[in-house]
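A quick write-up on the structure given underneath.
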Protein chains: 2
Amino acid sequence: MSEQRRARLRLEISREAARLFWEQGVAATSGDQIAAAVGLSTRTIWRHFRSKESCAEPVIMQGVVTLVTLMRSWPRHRSLDDHLATELTRISHEPPPVDNLLAMKMIRLADTEPALRTVWLMAYDQVEREMCVIIGDRLERPAGDLEGRMYAAAAAAVVRVLDAHIGAAVLTGADLTPFTDMTAVARRIAHAIRTATGGVVGAPIA
Amino acid sequence: MSEQRRARLRLEISREAARLFWEQGVAATSGDQIAAAVGLSTRTIWRHFRSKESCAEPVIMQGVVTLVTLMRSWPRHRSLDDHLATELTRISHEPPPVDNLLAMKMIRLADTEPALRTVWLMAYDQVEREMCVIIGDRLERPAGDLEGRMYAAAAAAVVRVLDAHIGAAVLTGADLTPFTDMTAVARRIAHAIRTATGGVVGAPIA
DNA sequence: CGATATCTTGTCACTAAGTGACGCCAGCAT
DNA sequence: ATGCTGGCGTCACTTAGTGACAAGATATCG
């Protein structure tokens, strides 16, 4: 099975699962229900996900995949600030992915459902690994270097907090004007990452 | 049931569970086995833990509880570096807690067992909350402040990476001399936290 | 186009994680 | 002594998750 096809199927299952989790709660949603909603047998669900709750993972991941992609395409000669600003404004013209709202809802649920919180943390564990590669590559340090891992962990952590913050703001219907200016958002993210990495990750490389 | 008594019972269960997880693997260890090992009924195990894997949490927590305690007792007028150095050297004269090795083994298992990794991440999620209080208090910022939460998240993240690093070194039988000098260890931890918080958390407050 | 090999899914039986309900008893106050 | 409370054991039960095998889809090669 091609990697792409598998990822798409996982995402499709994840969408239905997340919808059900949000509508009726995690405990009240059974594996059978998820399977029925997506039109597969229950057995197939367990072939693609280790547990009921982890069905939410692809949707949660989708919420940060654009940022990770942007980080990956960050050219060495630019500052993170500038790169994120241009890319985010460019992307903001396109319609936002439909999964974003669903992802925020999952984060919200993770506040009260421990099982979902573990999934959320595991998703950012993946982000941390990605960051490890990106930062390690940028700093030209050996893979698995302790410094690089700390930078990556700190960067992933602040992005997670920012993500939770924005998600909470959107869902509670709070004032969203701080997040409409993509240049400002880019500056906040870049500043957070730069601060969390002691100023090491952010500047252009000569 | 007093909070203390409950915590002690949870720790007792956790020790047996961790031992079994290490000796025979997580999948091969049943709830019944854990219950038998600690001399309780299986039902009682589920009264104290949400899941089989989360039985490992108190032991994992025990591995960082000393550091969190030290952070909590950090006086405002001292630098984190100095405080940790004196306290760690003082403590290093006492015998190290017996659970430390067990905790390292759980972290090691978390590398290959996803279910245990979630528990590990959840434990550090708790550490992050603690850090939130400590840092928020020290910076005299309102509780739940976004900046404070980011500092706490970054600090908890780097401590987690350091912890994993040291644990791996101990278990693989690597050279442990870098970790014998408590002053040096304190400096590394304090430096990591200071770096991850952009230099904000670490200095004495006038 | 056809035959075969591979890969994914469905079905069914089964294990074990986790819950609800109820009764027991140790501790404690009256 | 009596009544209450809170933790524990027992047992029945639900359901998440797995193993094994058959069947259908799909790709590959002639």
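What's counted below: heavy atoms across the whole structure, side chains too, no hydrogens, waters or symmetry copies.
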Heteroatom pairs (N/O) under 3.5 angstrom, protein to nucleotides 24-26 of chain D:
none

remark   = Between A:Met104 and the options A:Asp163, A:Val170, A:Val59, the side chain to side chain contact (heavy atoms under 4.5 Å, CB included) test singles out A:Val170
Can you name the atoms? Protein N/O to nucleotides 11-20 of chain D N/O, anything below 3.5 Å, with the distance.
residue, atom, partner, partner atom, Å
D:dA16, OP2, A:Gly31, N, 3.2
D:dG17, OP2, A:Lys52, N, 2.5
D:dG19, N7, A:Arg43, NH2, 3.1
D:dG19, O6, A:Arg43, NE, 2.9

ask   = Is the closest basic N to carboxylate O distance between A:Arg15 and A:Glu12 below 4.0 Å?
value = no
ask   = Taking only residues two or more places apart in sequence or in another chain, which ones pass side-chain contact (heavy atoms from CB on, under 4.5 Å) with B:Pro114?
value = A:Arg50, A:Met122
inquiry  = Test your reading of the model: is there a side-chain donor-acceptor pair from A:Ser92 to the backbone of A:Thr89, 3.5 Å cut-off?
reply    = yes
key: Student check: side-chain heavy atoms of B:Ile135 and B:Cys132 closer than 4.5 Å   = no
key: A:Thr172 and A:Arg108 side chains, donor-acceptor separation under 3.5 Å   = no
inquiry  = Quick one: does any side-chain atom of B:Ser30 pair with a main-chain N or O of B:Gln33 as donor and acceptor, under 3.5 Å?
reply    = yes
query = Do you know which two heavy atoms are closest between B:Arg6 and B:Arg47, and how far apart they sit?
reply = NH2-O, 4.0 Å
Atom-pair distance (CG on A:Leu40; C1' on C:dT11), nearest Å = 14 Å
message = Would you say A:His48 places a side-chain N or O within less than 4.0 Å of OP1 or OP2 belonging to C:dT9?
response = yes
task = Please report, rounded to the nearest Å, how far the C1' atom of D:dT10 is from the CD1 atom of B:Ile45.
result = 15 Å
